Amino acid sequence: MAILHIIARHLNADELSKLVDRSGAEDGYAFIDDGVYVLLSKHLTEFSVRSVYVLAQHGHERGLTEDKNDQVQFIEMSDLVSLTTLYPTSVSW
């Protein structure tokens, strides 16, 4: 069963690795609040072909731009709400 992981805090490299290892390839990852700092991590590549989303407003408020990484999809709050209906389960970090 696919899970939407909603990450609201900055995760270090070890925490990102554990998140990937303990979740499935079909899971989605929505980074919000200080979690958007994942864009600065060189370990973001560990997510491979998984669905990674960043709340655009939170990224912009922290000086991050959408051209930092092609692997990440910037989304609006309405998109986040839609994601919570697409995934049968969500987990907040």
Side-chain angles (χ1 to χ4, degrees):
M1 177 184 327
I3 299 171
L4 177 63
H5 300 271
I6 302 172
I7 300 98
R9 65 179 187 87
H10 177 66
L11 300 179
N12 64 36
D14 290 336
E15 291 170 322
L16 283 173
S17 292
K18 286 178 185 176
L19 174 59
V20 172
D21 290 343
R22 295 178 182 173
S23 57
E26 70 282 356
D27 290 355
Y29 308 87
F31 293 90
I32 64 172
D33 296 326
D34 285 345
V36 301
Y37 288 119
V38 71
L39 290 176
L40 301 175
S41 174
K42 62 182 177 182
H43 300 283
L44 184 60
T45 56
E46 292 185 35
F47 286 91
S48 184
V49 295
R50 298 177 187 207
S51 299
V52 178
Y53 309 95
V54 169
L55 198 57
Q57 182 179 356
H58 292 185
H60 297 154
E61 288 171 352
R62 289 160 177 81
L64 303 172
T65 60
E66 296 183 31
D67 60 2
K68 293 277 185 192
N69 193 305
D70 294 336
Q71 182 182 356
V72 173
Q73 181 179 351
F74 274 66
I75 60 172
E76 299 301 321
M77 183 60 76
S78 60
D79 300 317
L80 180 60
V81 172
S82 295
L83 285 173
T84 62
T85 64
L86 290 175
Y87 288 87
T89 305
S90 64
V91 176
S92 296
W93 295 71

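Everything numeric here is computed off the predicted structure, so don't read it as measured data.
- In this structure, His10 and Tyr37 approach most closely via the heavy-atom pair ND1-CB, 3.3 Å.
- When all heavy atoms of Asp27 and Ala2 are compared, the closest pair comes out as OD1-CA, 3.5 Å.
- Note on Leu4 and Leu86: same hydrophobic cluster, where clusters join Ile, Leu, Val, Met, Phe, Trp and Tyr whose side-chain heavy atoms are under 4.5 Å apart, directly or indirectly.
- Follow the hydrophobic side-chain contacts under 4.5 Å out from Val52 and you never reach Tyr87; the two are in separate clusters.
- The hydrophobic cluster containing Ile3 also contains Trp93, counting ILVMFWY residues as joined when their side-chain heavy atoms lie under 4.5 angstrom apart, directly or transitively.
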For residues 74-84, dump all side-chain donor-acceptor pairs below 3.5 Å to protein atoms at least two apart in sequence or in another chain.
| unit_1 | atom_1 | unit_2 | atom_2 | d |
| --- | --- | --- | --- | --- |
| Asp79 | OD2 | Glu76 | N | 2.9 |
| Ser82 | OG | Ser78 | O | 3.2 |
| Thr84 | OG1 | Val81 | O | 2.5 |

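- The CZ atom of Phe31 sits 6.0 Å away from atom CG of Leu11, with the distance rounded to the nearest 0.5 Å.
- Note: Asp33 CG to Leu55 CG = 8.0 Å, rounded to the nearest 0.5 Å.
- Closest non-hydrogen pair, His5 versus Ser23, comes out as NE2-CB, 3.5 Å.
- A 4.5 Å side-chain heavy-atom check between Val38 and Ile7 finds every atom pair outside the cut-off.
- Between the CG atom of Leu44 and the CD atom of Gln71 there is a distance of 4.5 Å, given to the nearest 0.5 Å.
- Residues Leu16 and Val72 share a single hydrophobic cluster, defined by chaining ILVMFWY side chains whose heavy atoms lie under 4.5 Å apart.
- Evaluated for a side-chain hydrogen bond (donor to acceptor under 3.5 Å, both in side chains) with Asp34, the options Arg62, Arg9, His58 yield exactly one hit, Arg62.
- By the 4.5 Å side-chain criterion applied to Ile, Leu, Val, Met, Phe, Trp and Tyr, Met1 is assigned to no cluster and stands alone.
- Placement of Val54 and Val91 within a single hydrophobic cluster is found when ILVMFWY residues are connected by side-chain heavy-atom separations under 4.5 Å, directly or transitively.
- Listed by chain and residue number, Asp14, Glu15 satisfy the side-chain contact (heavy atoms from CB on, under 4.5 Å) test with Asn12 (two or more places apart in sequence, or in another chain).
- Taking the six-membered ring where tryptophan is involved, the planes of Phe47 and Tyr29 are perpendicular, since the angle between them exceeds 60° and thus also 30°.
- Sparse packing is recorded around CD of Gln57, with 12 or fewer heavy atoms of other residues, nucleotides or ligands lying under 6.0 Å away.
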